[in-house]
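Remember, it's 1-based here, ligands and their atoms both numbered in the order they're listed. Hydrogens, waters and symmetry mates are skipped; everything else that's a heavy atom, side chains included, is used.
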Amino acid sequence: MINFVQQEIENDLKAGKYTDGIHTRFPPEPNGYLHIGHAKSVCLNFGLALHNGGLCNLRFDDTNPTKEDVEFVDSIQEDIKWLGFDWGDRKFFASDYFGKFYDYAVELIKRGLAYVDDLTAEEIRAYRGTLTEAGKESPWRNRSVEENLDLFTRMKAGEFPDGSKVLRAKIDMASPNINMRDPVIYRITRATHHHTGDDWLIYPMYDFAHPLEDAIEGITHSVCTLEFEDHRPFYDWLLDSLGFDVNTRPRQIEFARLDLTNTITSKRKLRQLVEENHVRGWDDPRMPTLCGLRRRGFTPAAIRDFCERIGVAKSNSVVDIAMLEHCVREDLNDSADRVMAVLDPLKVVLTNVDDGVEYLAAENHPKRGGSRFVPFTREIFIDREDFMEDAPKKFFRLKPGGEVRLKYAYIIKCNEVIKNTAGEVVELHCTIDPTSKSGGATAGRKIKGTIHWVSAKFALPAEVRLYDYLLTTDAQGNLPEDFIAALNPNSLIVKQALIEPSVRWTNAGTHYQFLRLGYFVVDPDTTPDKLVFNRVVGLKDTWAKVKDR
Ligand code: ATP
Ligand code: MG
């Protein structure tokens with residue numbers, strides 16, 4: 001692991017800091033499902049701990065009672081485990097520290113570094129000033145320590161209505177950094193918290209709670225995304241003010257968040273997609289959530305590989321989603337067995353083949369080998385795309401009078417095209433070259449095209465779901481305000497397909513390569529009577545091409 005955060009850790013160790021070892025944390029707020037952006041943070045935080053022989057905590061940053069839910073607490077754990085990481089016995093809830101936060105707030109008041117303010121939220125905003133203009137001090141700023149202690153105790157006891165008072169850090173209303181202009185650190189909110197119930201009427205603000213959570217847990221490196229860079233001075237101010245030793249206390253390091261083309265990584269927008277039923281749920285295979293990617297058939301190994309390859313930088317950029325798909329393809333190419341399926345069945349009658357069945361050996365995997373038998377019969381189906389009536393010269397699949405090889409089977413020749421009254425092709429009549437099978441006299445005969453097929457008699461019906469991006473715009477940054485109107489109407493296409501019988505007893509989560517069509521995974525909607533597959537990715541690797549250029 002070579003990245004600038006690792007470099008910083010090594011510098012700290014060289015400087016004699018953190019002699020008790022490296023300790024990181026992954027701090028999700030349980031207000032949504034984890035997505036591919038979070039995977040970057042999970043891989044980085046757990047990865048840094050592993051690389052340095054340290055520890056990584058899972059901490060639910062649940063200091064905001066209004067948006068959070070246990071459903072998310074459960075899903076987040078499942079998803080981190082699925083990605084392959086383990087927090088051991090170090091699962092924490094920031095809400096467990098509410099008592100300690102309160103004590104630290106009292107300590108700040110005692111040190112003359114915090115005060116109770118009666119200004120309204122609007123007034124506080126107006127007093128804050130702007131980037132070019134200093135802020136104005138609140139008339140309540142110079143209350144005595146005794147008065148502040150008394151008011152803060154009464155805020156906690158519920159003597160004041162919501163929003164009527166706040167506790168603020170006393171720093172500098174003229175600071176060029178707006179985050180240092182006496183930030184609010186506690187507010188009154190009568191809300192039931194999913195972990196602490198109605199125990200608390202006052203809740204700490206994120207910027208106050210986070211450094212304390214880190215310090216309480218003995219975190220050494222608090223890695224977060226770039227938008228917190230301007231918050232770091234307050235992070236340090238708070239820990240300094242409370243007397244935490246600079247050689248052991250946590251330090252915040254910011255890195256660039258992951259932004260992917262064609263992908264929504266805003267929790268709020270993902271939630272909207274689910275709540276307004278634009279997708280089937282958080283685990284819809286089109287969602288960039290980890291449960292969505294899992295259902296789609298993306299593998300943890302591929303996602304970890306992707307997170308390693310994108311690296312960790314100090315400036316934001318957009319990563320091409322083709323790179324993630326490339327990682328998935330690489331992983332599945334090694335692991336997935338090959339089978340034959342036909343997505344748009346076109347019937348072919350092989351007029352010189354008897355009724356009955358011939359079992360042909362088919363290779364399961366080009367590297368791992370293994371084989372199975374596929375039944376070959378007089379009537380088969382091929383993919384409609386593999387036949388063309390007025391074919392251009394370079395079309396090497398089936399055309400009237402033309403020849404093509406059926407994978408694992410014979411060379412066939414198209415003699416007759418049967419159409420319905422609407423003029424649509426409904427059936428082809430072909431003959432096989434009986435000597436062209438592997439081992440036969442003309443087995444080596446050169447034929448440009450090879451196509452996949454299934455036996456009409458033995459193939460199993462299967463619902464195959466083909467996915468495209470929810471967003472056709474490139475980057476999230478280019479998202480129109482009304483992104484719902486911009487959603488791709490063709491992001492899901494369902495095919496009634498046919499698949500070879502060898503997959504009959506397959507299980508949800510099993511991957512296959514459908515020859516020539518892509519990688520597919522068995523969807524949990526599969527029942528003993530109905531097979532359902534999701535296309536993970538097609539075979540065409542646009543990323544590999546970009547790389548080779
Ligand atoms: P919110 O706006 O609700 O805070 P969030 O996406 O930051 O949303 P958190 O639950 O706070 O969600 O995120 C947990 C951790 O994952 C944080 O440390 C955050 O920095 C990191 N993270 C979130 N989104 C990304 C992303 N796109 N790339 C990298 N890290 C991310
Ligand atoms: Mg966050």
Legend entry - D61 contact mode with ligand 1 (heavy-atom cut-off under 4.0 Å): neither
Inset, instruction - Report yes if the distance between the aromatic ring centroids of H231 and F234 is under 6.0 Å, otherwise no. - result: no
Legend entry - ligand 1 N/O within reach of P27 N/O, cut-off under 3.5 Å: no
Legend entry - Check: S222 and R251 side chains under 4.5 Å, non-hydrogen atoms: no
Inset, instruction - Decide whether an N or O pair under 3.5 Å exists between H38 and ligand 1. - result: yes
Inset, instruction - Tell me, please: is F26 in heavy-atom contact with ligand 1, that is, under 4.0 Å? - result: yes
Inset, instruction - Write down the atom of Y115, the atom of A169, and the distance for their closest heavy-atom approach. - result: CE2-O, 3.8 Å
Inset, instruction - Give me the ring orientation class for Y97 and F92: parallel if the planes are under 30° apart, tilted from 30 to 60°, perpendicular past 60°. - result: tilted
Legend entry - Distance-only N or O hit between ligand 1 and T225, under 3.5 Å: yes
Legend entry - Option of least heavy-atom distance to atom 27 (N) of ligand 1 (set: L258, T265, D62): L258
Inset, instruction - Please work out which of A256, A39, G37 has its closest non-hydrogen atom nearest to atom 25 (C) of ligand 1. - result: G37
Inset, instruction - Under 4.0 Å, heavy atoms only, figure out whether ligand 1 is touched by the backbone of K267, its side chain, both or neither. - result: side chain
Legend entry - Parallel, tilted or perpendicular: ring planes of F520 versus F514, cut at 30 and 60 degrees: parallel
Inset, instruction - Kindly say whether the aromatic ring centers of F98 and Y203 come within a distance under 6.0 Å. - result: yes
